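Because the structure is a prediction, the values reported are computed rather than measured. Computed over heavy atoms, backbone and side chain alike; hydrogens, waters and symmetry mates excluded.
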Amino acid sequence: MLDHLVGLVKVRVLRGVNLAIRDLRSSDPYVVVRIGEQKLKTRVVKKSTNPEWNEELTLSIEDPAVPVRLEVYDKDTFVDDTMGNAEVDIRPLVEVVKMKLRDVADKTIVKKLVPNRQNCLAEESSIYISEGKVKQDLVVRLRNVECGEIELQLQWVDLPGSKGV
């Protein structure tokens, strides 16, 4: 059953910053997180361009080369307006997991990623060890929209019985 999975990624969608206005003076944003055929979404935060979700969504990973896609929408009565999108490459996170670091001091930063034209990072992103888990803090800049960023935290979860990384 789990032999096609390499693990799970917990995606904690923390908050949106300076999201686009899609209603009269504000928006009712929510985030859709996708990888492959999987699709999960946060709750809607009413009337906010700086929403706080702090929601954890867990995705199963079959191929680490497939990026996690974020799509932000404004909830409306009939058709939800798009508020931008972003992609997150989880391969750097998986590379750190593959190092199988043990006995590392808590909050040790293993890898840093810098924003460039190939990624959606708005600022430097750190991959670190926390309580024995590999985590990554990210701020991604939304594309195809006039403004907006999403703050996230990724955490790798090994699955007993999976093929692992």
Side-chain angles (χ1 to χ4, degrees), residues 5-20 22 27 29-45 48-74 82-101 104-159 164-165:
L5 293 180
V6 293
L8 301 175
V9 168
K10 287 184 183 176
V11 180
R12 183 173 289 280
V13 181
L14 299 170
R15 66 186 59 85
V17 179
N18 192 29
L19 298 182
R22 288 290 179 264
S27 292
Y30 65 94
V31 179
V32 175
V33 180
R34 297 176 190 259
I35 190 164
E37 298 297 310
Q38 297 170 79
K39 175 182 168 185
L40 300 168
K41 60 183 171 185
T42 66
R43 72 186 189 286
V44 174
V45 176
S48 179
T49 55
N50 294 294
E52 298 269 345
W53 289 287
N54 201 23
E55 284 186 44
E56 193 169 87
L57 307 172
T58 303
L59 299 167
S60 51
I61 306 301
E62 292 181 31
D63 180 359
V66 176
V68 173
R69 298 183 196 285
L70 303 174
E71 296 158 345
V72 184
Y73 293 96
D74 170 43
T82 183
M83 295 174 65
N85 60 63
E87 280 189 356
V88 175
D89 184 357
I90 60 169
R91 287 177 296 189
L93 183 74
V94 172
E95 286 167 18
V96 172
V97 170
K98 284 181 178 174
M99 293 177 189
K100 300 208 182 305
L101 300 170
V104 176
D106 213 34
K107 304 285 190 231
T108 298
I109 295 174
V110 181
K111 187 173 202 145
K112 287 189 176 189
L113 303 172
V114 295
N116 62 39
R117 289 176 186 218
Q118 281 73 49
N119 65 35
C120 292
L121 295 176
E123 55 188 53
E124 189 173 83
S125 171
S126 296
I127 301 175
Y128 58 96
I129 308 298
S130 176
E131 298 163 357
K133 307 264 190 245
V134 178
K135 297 183 178 182
Q136 181 178 5
D137 292 335
L138 306 103
V139 178
V140 293
R141 183 169 290 119
L142 295 173
R143 302 179 298 197
N144 304 313
V145 68
E146 56 274 20
C147 59
E149 295 175 352
I150 300 289
E151 293 183 22
L152 307 163
Q153 183 186 71
L154 304 180
Q155 178 185 317
W156 184 262
V157 180
D158 282 318
L159 281 177
V165 288

Value rounded to 0.5 Å, distance of NZ in K39 from CD in E71: 7.5 Å
Pair R12, N54: side-chain N/O donor-acceptor within cut-off below 3.5 Å: yes
Does the side chain of N85 come within less than 4.5 Å of R34's, by heavy atoms? no
Got a sec, which pairs hit salt bridge (charged side-chain N to carboxylate O under 4.0 Å, His left out) with one end in residues 113-137, sequence neighbours left out? K112-E124
Identify, with sequence neighbours excluded, every residue that meets side-chain contact (heavy atoms from CB on, under 4.5 Å) alongside K111. P92, E95, V96, L113, I127
Exactly one of R141, R15, R143 should register a salt bridge (charged side-chain N to carboxylate O under 4.0 Å, His left out) with E149. Which one does? R141
Flag the pair L19 / S27 as yes when at least one side-chain heavy-atom distance between them is below 4.5 Å, and no otherwise. no
Interatomic distance, CG@L5 vs CG@D63, rounded to 0.5 Å, equals 11.5 Å
Applying side-chain contact (heavy atoms from CB on, under 4.5 Å), run through Y128 and V110 and close with a yes or a no. CA-CA 5 Å; Y128 58 96; V110 181; 5.7 Å; no
Contacts of type side chain to side chain donor-acceptor pair (under 3.5 Å), residue S130, not counting sequence neighbours: K107
CD-CG distance between E56 and L14, expressed to the nearest 0.5 angstrom: 10.0 Å
Would you check if W156 and L154 make a side-chain contact, meaning some heavy-atom pair closer than 4.5 Å? no
Closest heavy-atom contact between V9 and I61? CG2-CG1, 3.7 Å
Among L152, L59, V88, find the one that has a side-chain contact (heavy atoms from CB on, under 4.5 Å) with V33. L59
Between D106 and G132 the two heavy atoms that sit nearest each other are OD1-N, 4.4 Å
Heavy-atom nearest pair, E52 first then V45, reads O-CG2, 4.0 Å
Rounded to the nearest 0.5 Å, what's the gap from CE on M83 to OG1 on T49? Could you check? 7.5 Å
Closest heavy-atom pair and its distance - S48, P51: OG-N, 3.1 Å
Sequence-distant partners of Q38, side chain to side chain donor-acceptor pair (under 3.5 Å), two or more places apart: S60
With side chains defined as the heavy atoms from C-beta onward, is the minimum distance between V13 and L57 less than 4.5 Å? yes
Any side-chain heavy atom of R43 within less than 4.5 Å of one from W53? yes
With sequence neighbours left out, what residues match D74 under side chain to side chain donor-acceptor pair (under 3.5 Å)? none
State, yes or no, whether a side-chain contact exists between L70 and V140 at a heavy-atom distance under 4.5 Å. yes
So which heavy atom on V44 is nearest to which on Y30, and how close? CG2-CD2, 3.8 Å
Applying side chain to side chain donor-acceptor pair (under 3.5 Å), name anything that partners Q155, two or more places apart in sequence or on another chain. none
For V145 and T82: C-alpha separation, side-chain torsions, deciding distance, then whether side-chain contact (heavy atoms from CB on, under 4.5 Å) applies. CA-CA 8 Å; V145 68; T82 183; over 6 Å; no
Separation of I150 CD1 from L142 CG (nearest 0.5 Å): 5.0 Å
